[in-house]
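Residue numbers begin at 1 in each chain, while the letters A, B, ... track the order of the sequences.
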Amino acid sequence: MAKAHVYKRDHINTDEIIPARYLNTDDTAELAKHCMEDLDIGFVKKCKPGDVIVGGVDFGCGSSREHAVWALQGAKVGAVIADTFARIFYRNCINCGFYPIELENAAEKINDGDEVEIDYENGTIDNKTQGKEIAFKPLPDFAIQIVKDGGLLENIQKRR
Amino acid sequence: MAMTITEKIFARAAGQDRVRPGDLVNANIDIIMCHDVTTPPAISMLKEKGIDRVFDPDKIVVTPDHFQPAKDIQSAELHKRLDTWAKEKGIKHYYKLGRAGVCHALLPEQGHIRPGEVIVGGDSHTCTYGAFAAFSTGIGSTDLAAAIATGQLWFKVPASMKFVLKGRLSPGVYSKDVILAAITAVGTDGALYRAMEFVGPALKDMSMEARMTITNMAIEAGAKNGIIAFDEITRAYLDAHLKQKAEYTVFESDADAEYVETVEIDCTALEPLVALPHLPSNGSPIGDCAGTPMDQAYIGSCTNGRIEDLRIAAQIMKGRQVAIRTIIVPATPEIWKQCIDEKLAEVFYDAGCVVSAPTCGACLGGFMGILAAGEKCISTTNRNFVGRMGSPKSEVYLASPATAAASAIEGKLADPRKYMG
Ligand code: SF4
């Protein structure tokens, strides 16, 4: 089951998610080794496949580097849940087939270490640890389609 | 229905009579900016998917800049991929080493930016070009790949926010201080998803270079784009820089266009500002932070590495010595040459600075000026996030070239006004 790694911080930026010193490569496995490094050096070690990251407002602000999303995907992060997302990061997530979940006061509804199960289409997070169900607004249909197809390019190919 | 400049540009690009904020539109792209970090992955994605198409080789402008000249083997590989692709696809505007420069300084200088157009680039500070009454925004590699192949992208039309720049700047206060004040006023997500439209009398005294410093940092308030209306100053710049296709369409916001919010900045009352670590919105008047010791000064980048910026720094440094490591990076080869021709390089040499070749370099903690743990740098760049210029334990202070130059001389944050005329 997915575990939540909660960072009670606003404006977690792309430099923290993947520092620029590693941008001399676009190799996902290589990027994954440094995922969240400047925020939490121990993150990669403790993240199990499917785990989720919970942040505050404006998650992913800063650079347009899609490397941030690739690093998260490479580290097998299942989803990011945050109050709000920075625009380019949000778009990059969808384009990579990685679901960004917008949830007000996310870090108050989910505690560090909580076990969660996410239903993306219906927009619910089942917080098993706290025994409560949390609703979120699902992505618009066209964005869900892109995520389902595995990303924007896959989606474009399919539409041709 | 009344529309803003941004809305009018989207309407044109989508082939519609009108658009409203929130509308999803499929827009035709006029110019795509490509550099060495985000474009090679886009090229690989296209290859992988067997999409070989480039929608228009004449509308793509390529310049390596982030790790240029190649800083290590891996970045050399990125450059090689970019180079091979650009040649294979017959990209017309490909700036190689010797002509390559920091993208957002290079494209306007080389005449690739026109009012009324839609410009995207694989870099968050692509919003810079909005100074020319164009819509421009940063995108990631997948969007870049899609744009390269199809010449189109979907956008949600942003609501506009108006920033009224009232009064006139006093000596020693610059457009950098204005944008730091604006970001400090609204916060780093104060303009999230929105267009930041800058208007007001203070713009009349600002060159295109100075205006680009403002739109460059729109992303630091979370905005989708920054935009400034066309005027005589824009026209004069374009007359001097557009090499081909000199025609363009000028859109203006209607008098009754709708803005979700209006923010007024009293430029007359502004003091030099420094954005303290670790957010561009941590603006502090120099009077409150002067005296903080620095280890390095950095004058360059797409925010403040243009000739006007170097002139301002040189004016302050002339006949003086810097007290800390000071790195000057002219943003493009033309600026670099001007810097030599106007003997600014000599002033910098005499003052004890190092002048580098055009590159992004240390601005993003890439190379040529990386900070060690515990070090502090006064920088004319646009971002002071944790680890931005090196060690996660280093600190970046953002300011104008004048404040950076004065601080370099004193080795601590200093008010530039005491060094002026
Ligand atoms: S100078 Fe800095 S902010 Fe500008 S494009 Fe280069 S790395 Fe980005």
Exceeds 12 heavy-atom contacts within 6.0 angstrom, atom NZ of Lys49(B):
yes
Please report the interatomic distance CD(Glu77(B)) to CG(Asp27(A)), rounded to the nearest 0.5 Å.
12.5 Å
From the list Gly365(B), Gly387(B), Ala76(B), Ser141(B), the residue making the most non-hydrogen contacts under 4.5 Å with chain A is Ser141(B)
Look at atom CG of Asp141(A) and say whether more than 12 heavy atoms of other residues, nucleotides or ligands are closer to it than 6.0 Å.
no
For Ala20(A) and Leu364(B), work out which heavy atoms get closest and say how close.
CB-O, 2.9 Å
When rounded to the nearest 0.5 angstrom, what distance separates NZ in Lys224(B) from CZ in Arg91(A)?
6.5 Å
Considering only heavy atoms from C-beta outward, does the side chain of Leu24(B) approach that of Phe142(A) to under 4.5 Å?
yes
Any chance NZ of Lys137(A) has more than 12 other-residue heavy atoms, nucleotides or ligands included, within less than 6.0 Å?
no
Is there a side-chain contact between Leu192(B) and Thr84(A) in this structure, where contact means two heavy atoms from C-beta onward sitting under 4.5 Å apart?
yes
Taking NZ in Lys71(B) as the centre, count heavy atoms belonging to other residues, nucleotides or ligands within less than 6.0 Å. Is the count above 12?
yes
Looking only at heavy atoms and a cut-off of under 4.5 Å, which of Asn92(A), Asp10(A), Asn13(A) has the most pairs with chain B?
Asn13(A)
Output for pair (Asp15(A) CG, Met389(B) CE), nearest 0.5 Å, gives 11.5 Å
Is there side-chain contact between Arg65(A) and Val37(B), with heavy atoms separated by less than 4.5 Å?
no
Establish, yes or no, whether the cationic atom of Arg21(A) lies under 6.0 Å from the six-membered ring centre of Phe367(B) and within 45° of the ring axis.
no
Whatever's closer than 4.5 Å to a heavy atom in chain B on Leu153(A) counts as both
Side chains of Glu220(B) and Cys61(A) in contact at under 4.5 Å (non-hydrogen atoms)
no
Tell me, for Ile370(B) versus chain A, whether the close heavy atoms (under 4.5 Å) come from the side chain, the backbone, both or neither.
neither
In Å, rounded to the nearest 0.5 Å, how long is the span from CD1 of Ile219(B) to CD1 of Ile88(A)?
4.0 Å
Should the heavy atoms of other residues, nucleotides or ligands under 6.0 Å from CD of Glu104(A) be counted, would the total exceed 12?
no
Under 4.5 Å from a heavy atom of chain A, the part of Tyr193(B) involved:
both
Interface moiety of Lys393(B) toward chain A, non-hydrogen atoms closer than 4.5 Å
neither
Given heavy-atom pairs under 4.5 angstrom as the criterion, report whether the side chain, backbone, both or neither of Thr150(B) touches chain A.
side chain
Between Ser124(B) and Ser64(A) the two heavy atoms that sit nearest each other are N-OG, 3.4 Å
Any Lys/Arg nitrogen of Arg87(A) or Asp189(B) sitting under 4.0 Å from an Asp/Glu carboxylate oxygen of the other?
no
Between Asp26(A) and Arg81(B), is any pair of side-chain heavy atoms under 4.5 Å apart?
yes
Pull out the residues in residues 30-43 of chain A that come under 4.5 Å of chain B, heavy atom to heavy atom, sorted by number.
Asp38(A)
Around Lys45(A), counting heavy atoms of other residues, nucleotides and ligands shown, do more than 12 lie under 6.0 Å from its NZ?
no
Any side-chain heavy atom of Asp72(B) sitting closer than 4.5 Å to one from Asn24(A)?
yes
Residue Ile51(B) versus chain A: region with a heavy atom under 4.5 Å:
side chain
Do His11(A) and His278(B) touch side chain to side chain, with heavy atoms closer than 4.5 Å?
no
No-hydrogen, no-angle side-chain donor-acceptor test under 3.5 Å, Thr142(B) and Glu66(A):
yes
Counting only heavy atoms not in Arg53(B), do more than 12 sit closer than 6.0 Å to its CZ atom?
yes
With a 4.5 Å cut-off on side-chain heavy atoms, are Leu152(A) and Asp143(B) touching?
yes
Nearest 0.5 Å please: distance from the OG atom of Ser63(A) over to the NE2 atom of His125(B).
8.5 Å
